[in-house]
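Here the structure is laid out as structure tokens; the discussion comes afterwards.
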Amino acid sequence: MKHEETIISGFGGQGALFAGQLLAYAGIAETLYVTWIPSYGPEMRGGTANCTVILSEEEIGAPIIQNPTAAIVLNLPSMEKYEPLVKPGGLLIVNQSLIPVESTRQDIRVITIPATDIATELGNPRMANLVLLGAFIQATGLISMESLESELGKHISERHRKWLEPNKEALHKGAEFA
Amino acid sequence: MKHEETIISGFGGQGALFAGQLLAYAGIAETLYVTWIPSYGPEMRGGTANCTVILSEEEIGAPIIQNPTAAIVLNLPSMEKYEPLVKPGGLLIVNQSLIPVESTRQDIRVITIPATDIATELGNPRMANLVLLGAFIQATGLISMESLESELGKHISERHRKWLEPNKEALHKGAEFA
Amino acid sequence: MGRGMVILNIDRCKGCGLCTHVCPVNILVLSPDTFNAKGYHPVTVTDMEQCIGCASCATICPDVVFTVFRRKRQPQAAAANA
Amino acid sequence: MGRGMVILNIDRCKGCGLCTHVCPVNILVLSPDTFNAKGYHPVTVTDMEQCIGCASCATICPDVVFTVFRRKRQPQAAAANA
Amino acid sequence: MAKELLKGNVAFAEAAVRYGLEAYFGYPITPQSEALEHLSGRMVELGRVFLQAESEVAAVNMVYGAASAGVRVMTSTSGPGFALMAEGLSYIAGSEVPAVFVNMMRGGPGLGNIQPSQADYFFMTKTAGHGDFHPLVLAPASIQELIDMMGLAFELAEKYRTLVYIAGDGSLGQMMESAELPPMQPLREKRPDWAVIGCEGRDPNIITSLYLGAKNLEAVNIRLQKKLAEIKQNETRWKEYETEDAEILLVAYGTVGRICTSVVRESRKQGLKIGLLRPQTLWPFPDTRIRELAAQVKAILVSEMSAGQMLEDVERTAQGQCPVKFYGRLGGVVPLTDEILSETRKLVREVA
Amino acid sequence: MAKELLKGNVAFAEAAVRYGLEAYFGYPITPQSEALEHLSGRMVELGRVFLQAESEVAAVNMVYGAASAGVRVMTSTSGPGFALMAEGLSYIAGSEVPAVFVNMMRGGPGLGNIQPSQADYFFMTKTAGHGDFHPLVLAPASIQELIDMMGLAFELAEKYRTLVYIAGDGSLGQMMESAELPPMQPLREKRPDWAVIGCEGRDPNIITSLYLGAKNLEAVNIRLQKKLAEIKQNETRWKEYETEDAEILLVAYGTVGRICTSVVRESRKQGLKIGLLRPQTLWPFPDTRIRELAAQVKAILVSEMSAGQMLEDVERTAQGQCPVKFYGRLGGVVPLTDEILSETRKLVREVA
Amino acid sequence: MSIEVKIPDEMELVYEYPDALTEVSSHYCPGCTHGIVHRLVAEVIDELGIREKTIGVAPVGCAVLAYKYIKTDFVEAAHGRALAMATGIKRVNPDKIVFTYQGDGDLAAIGTAETVHAANRGELLTTVFINNAIYGMTGGQMAPTTLPGMITTSSPTGRDVITAGYPIKMSEILAQTTGAVYITRESATNLGAIRKTKKAIKRAFMAQIAGLGYACVEVVSTCCTNWNMDPWEAMKWAEENMTEYFPLGTFKMTDEVKALQVR
Amino acid sequence: MSIEVKIPDEMELVYEYPDALTEVSSHYCPGCTHGIVHRLVAEVIDELGIREKTIGVAPVGCAVLAYKYIKTDFVEAAHGRALAMATGIKRVNPDKIVFTYQGDGDLAAIGTAETVHAANRGELLTTVFINNAIYGMTGGQMAPTTLPGMITTSSPTGRDVITAGYPIKMSEILAQTTGAVYITRESATNLGAIRKTKKAIKRAFMAQIAGLGYACVEVVSTCCTNWNMDPWEAMKWAEENMTEYFPLGTFKMTDEVKALQVR
Ligand SMILES: Cc1ncc(C[n+]2csc(CCOP(=O)(O)OP(=O)(O)O)c2C)c(N)n1
Ligand SMILES: Cc1ncc(C[n+]2csc(CCOP(=O)(O)OP(=O)(O)O)c2C)c(N)n1
Ligand code: SF4
Ligand code: SF4
Ligand code: SF4
Ligand code: SF4
Ligand code: SF4
Ligand code: SF4
Ligand SMILES: [Mg+2]
Ligand SMILES: [Mg+2]
């Protein structure tokens, strides 16, 4: 049974929330049950933003979890917070460009990607979120790249539509690391 | 044991509430427990005013009662309402001047006084309340005439002080009927 | 029959006396001895003949006691007004 | 040493840029490459010598980043002012 | 002091003055306006603070301000006005400043009427507006008790830095009774350490109910709950009448409570073993004692001027040990001794 | 309609639109403002009434006005705003006009914070402000249920001419979930007979909550209580999960209720006989069913994001048949599956 | 109401009981100006022929039972919230006429925010505002409009403006709101003033009908009972004292309102 | 704050960090005028030497945490009730200086009644009123002062005055209250305006200290975040658009206030 509880976390502006939503949209497209819940409120002003996304073949109980089955960390504070929390056997995807430390966990799979660097190369460091997301779906097989691309097309804002193709490329680049 | 539950009732302006307060003050002077509770609110605008006064040697429970041990009625509607409610063995004091009917109760003591006429003779029809109150204390022996007179002296308003002596006379005139 | 007349809905009257102060011909007084159904000394008209139908009483009466009539104007006067 | 000088409490700066618009001698810029502890590109002084100590920067800065000094007036000028 | 004939509303207002009330903010509403009227004269006369606010919303927030400044402060109102205070009450609860509120309950819901009622029981005991909190609720049954509880209210409010309510009703406010007022007490000389009175010689004091971050606010709430537990431990109060051998227990508070003393007296005359427990604190509720008595008696009869609110607390504490019945009057009707008595007799027959 | 990814606040707002909402009056407050924002666009687009009021006090009274005119109307808010509505809610209750209120609860008391909470349970279920009344309170646990309950809320409000509340919390408002919106429904064509819309061709209609004289108001209250009894009879709703053979019963609603479905799932995996009853109506409360289950199970664990409010209702209904324990988080903290699970295990050991 | 009197043919009716008033005798004290203003409102409703499409909003105050007397659809609002409730009603009944009838405690104390904002939004509503300088219904406490020095049950030594604050001038304040189109202060203390008040109320209703904006007619009134005066004495007192602090006059009238033909 | 820089002898200090400000860095967005006005309040408190006898009242709004920044005793009021709370504080601390710091939603929407009545009573209080035409804290909804046509999260197609009502002019309204002695509208959108604002705030505090009455300084401000503008752009926009609808100037100043010597 497919069931993945993922936390995506980074600085505000790094697109953690959007990556989570995209994952959620794609989950729905593949008829999974989906929940997405952000941290909200004053802590957001503090600078970090994170969301929890659950995709499952069965109805979802708790939408807030302590120990994710996967975590995508975009910056150092997120790494420090979530690396220890990933469930044994789980997955950790690390934005190497901004995270100068390495995971010491032996009981989980760790994928390290210079995502911000790759994104910068593709034209915009803000696409690091998608690089990491690409790796995530490749590694988990939770949903297909096609769903993700198609939802990206639907939900990208007008302002950012020019970035659609580079965004897709970011997904693919990331997938190569998984 | 002294315990008397009295309802005093009349038109607004006939002084039912004041008579009740005076009784209550005198009760306290004689170290009885005392409660005085008026009808209040919109029904007062309707024209009738009544109060329930309880004087007792023991602590008073319910301050509101259905069946008084005594009723002093100043006008016809009050007569109609309270005559049937007086407890068997109780006392009913009727302002004959304004109440053209007679009580049919055999199981209570009824004192009928042309109180408004007497008061008018004494100079002010508004003293009917005291005429009736005089009869009441005489009939019940609940408190002494002295206490009543002395409290009257204390609680009569400045505006009405000139009526103090006639008021006292009203009490005595009433007492003669009991 | 004077220039005007009023009909009183006596039972509405609360005896406030306002009308008695504004009647220009002073024909409204509170009746000192009678009570109406509400228990007030109601207004009464002392001399209806003098009423000019000015409706001052009706204008100030808070309890809408008055209905007021006035002698019709002469037709020519009405025409002149038109 | 110019007519004025400022001291910056860099870590308070949020890089809003307001001061850069009001400095009459245009010596304030946001540093494009560096981040302060809060993660902002903080203000920096390009040429302190030109500072006239006008305190415009301090007047507009919402985060009280500036302390401002100005060359003391000549005593005689002060006297003239008194 | 000797006994005087005192009207409820005047009695509690004057008692407050004598117990050292330093500031009153209020808005007129029947059936408690005589309290505000009394204080409008007395407080000014004594050089203390009286202000008629523009609304109950303003009044509660003025009370909040004065309480933050550490003075003995109160307001009084009735149902609709009390409802308007809900937000302010929650702020006061959250910032732990002491303040006293008198609610002379009247018939509801809505504008209802101005007759006596106990229908704000839930509203007063279960919560101080939004959020987790229980005010301490005192329920006087006589004017003497109303007077005495006024002093107790200030004492407890300040001891625990908490909200204290006095739950009266229209009849308690409007009736007169023989009672004794306390002697005039001196005002406190010093404001408490936490009060906002200017920070001369110390760090600034801050009064707030804002705690960003769930963990921070949870910590505050845990502290509040501890305080409430302590209050429950120490301050639960009630009176019992003829409960030793009672087979039927009446539970009633305030005006209905005193009416039930008559019921007990009457029924004992008739040889019925009826007892009464009259809660004097509605929160904390005398849980433990009622649970004990529920094990002893054959049935409990709760009577209220409401559709049955305290009833739920009795049901909860009786724990099914005996049947719990209810007799209530609504919308401003005060139950008579005879009504409750006949309900009691019915119950006696049922459980016989 | 297919499933969409919907944010709670947007979902209930759009659902309301599709269920025929004719007017919305509200005031921004986190964590529900997205609902107001969504409606500010949608209602205007559809030519319906949207107005941002000057306060929650104004908003509730605008709702009261529009409800009196017989349209489908609602507002939404959170704790402090809800508290300010207390008086208006009582008027609406007393005059029996239908209206729907959504409260996305946040941490309190006072300003507290904006994190998810269930601490307004008492405030919402026990009373609509002052006076005797219980609003009908729906408690959705998912965004789909939130959507569906929006329609139910209007239906029940109009059927019984009563106040209906939806008790959500910040996380339900802020989360997104896959859910299906209803198709757009046509607006009602006719206003109800009792509505104030001008008295053409009939005697004037009057909407009031004022009833002078205790007996009159008592009669009204008796009618209200009958209506509430009928609602209790017909509209009590809950969901059960694995209760047939349960030895420990969890009772939780809303967000905590859905978390407890995970607890049940986990504990069943571990071979523990745990069941869950999730009330979908908080008032009326599923008394009877809980009483039955209390006879069956060895213990009950109530979990809330509060200091234990629904707990009292469970205690009351369990009637001492089994121990009732509590696990709660306060001030905006959402309990995790594991926490509740470990509490449950503890209880399993205790009653073994 | 049936009166059995033969009216001579040469007589014409100049004043009769308004259609829009029920026959219920009011609960107001003898001589209370509420009665006068109720009558004016009813007359205006009759003259404009809008009784069947008008909805009244009663306040909490002595006029709480206005719905018993004025024969239109009516609601009874919470204390001070009449204009919020009226806003709700009007917004969903844009083709109906909605008016509030409020006292000074209701409109100018507890209801200040609702009043100012309804006016400022320019709600299409008409307000009749009875300023009797007192809380009549609750037994004569100080109102926001109580005059300096005036004795009330909550200012027993006379309103001391230093501690109790100053009487509030609502018309002056409302005139500063953008959405108000007609703000006037009239009085009910003499015949001429009463006639003017009626005209103002009519204009205020017409402004609503014409869709121009918010209109409020403040009526300087009396409360003989709580002022402890005979009704006539109260009127004289009001004229001499109230209108000094509360000058009569129109504080705001847009050109469109001015252009309305009010007979 | 310790800065280790050697200052040449010939230099004198012309601006330094105010004593009355704590060293906590604010939560305000970069370029938010709240920061500027906080600083002005602190400077005024320092210059008047009243820090230890001043009590601040924070609103609910972006300035909710004002107590973290201004180093006086402070309370955090319920939304809109700052002036009621301040009244309670001042009445029992008549010898202390009490001020409120409020946003436009707080002061001019939900708090309208408390604002108008505190002013009208003439409470000895000082208000600093940040008019940024938006609900900043809650995410940019329409405020009572949002300009016509302005897009906000609750007026997505621009404020339509016909349905949403008109922006409210609080200073004009407060100027009509009897108890107010100084009502002025300043701005924080350019250097000169900021300096004038400081002077106005100082005068407003001095009016309180002198026991003259209520004073309110409205400050036309920006909310770059919710206006979706760069801070400087926001200032220019405010200057061009806000001050047209909200003209700067003093709406009420009694002679006593005018006579105060404000340096
Ligand atoms: C919330 C609330 N507070 C207080 C009251 C009590 N109350 C009823 S009417 C009134 C004042 C009435 O004065 P006003 O509005 O001037 O009307 P008037 O009676 O003078 O015509 C008050 C304070 C109430 N019913 N509701
Ligand atoms: C009773 C209540 N209603 C609503 C809110 C939500 N709320 C918090 S701040 C705010 C508005 C803030 O706007 P403003 O006063 O203009 O201050 P700004 O943030 O723009 O400085 C609102 C509506 C609340 N906390 N309490
Ligand atoms: S109509 Fe005129 S003259 Fe006739 S009674 Fe009335 S006031 Fe007097
Ligand atoms: S004005 Fe009307 S109520 Fe008053 S006395 Fe004249 S008729 Fe009677
Ligand atoms: S003091 Fe004047 S010249 Fe110097 S940096 Fe600041 S603004 Fe520029
Ligand atoms: S104004 Fe202040 S915060 Fe903004 S850039 Fe300049 S120094 Fe930094
Ligand atoms: S109390 Fe005053 S306002 Fe009320 S009805 Fe009597 S006179 Fe009129
Ligand atoms: S949201 Fe607006 S008002 Fe609030 S801190 Fe940011 S810029 Fe300032
Ligand atoms: Mg009045
Ligand atoms: Mg703002």
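Below, chains carry the letters A, B, ... as their sequence lines are ordered, and counting in each starts from 1.
Rounded to the nearest 0.5 angstrom, Leu5(F) CG and Glu151(A) CD are separated by 9.5 Å. Note: Ile54(A) CD1 to Ser178(F) OG = 11.0 Å, rounded to the nearest 0.5 Å. Expressed to the nearest 0.5 Å, how far CD1 of Ile60(A) lies from OG of Ser142(F) amounts to 10.5 Å. Atoms CE and CH2, on Met175(F) and Trp36(A) in that order, are 10.0 Å from each other to the nearest 0.5 Å.
Around atom NZ of Lys2(A), more than 12 heavy atoms belonging to other residues, nucleotides or ligands sit under 6.0 Å away. Taking a 6.0 Å sphere around CD of Glu102(A), one finds it holds 12 or fewer heavy atoms contributed by other residues, nucleotides or ligands. Open room surrounds CZ on Arg126(A); 12 or fewer heavy atoms of other groups in view lie less than 6.0 Å from it. Lys168(A) NZ: more than 12 foreign heavy atoms inside a 6.0 Å radius.
Per-residue counts of heavy-atom pairs under 4.5 Å with chain F were compared for Gly61(A), Cys51(A), Pro63(A); the largest is that of Gly61(A).
The heavy-atom pair separating Leu336(F) from Ile65(A) by the smallest distance is CD2-C, 3.8 Å. Here the closest heavy-atom approach between residue Glu59(A) and residue Arg265(F) is recorded as O-NH2, 2.8 Å.
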Identify every side-chain donor-acceptor pair in residues 18-34 of chain A under 3.5 Å, counting partners at least two apart or on other chains, and give the distances.
unit_1	atom_1	unit_2	atom_2	d
Glu30(A)	OE2	Ser144(A)	N	2.9
Glu30(A)	OE2	Ser144(A)	OG	2.8
Glu30(A)	OE2	Ser147(A)	OG	2.4

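Of the atoms belonging to Thr261(F), it is side-chain heavy atoms, and not backbone ones, that fall under 4.5 Å from chain A.
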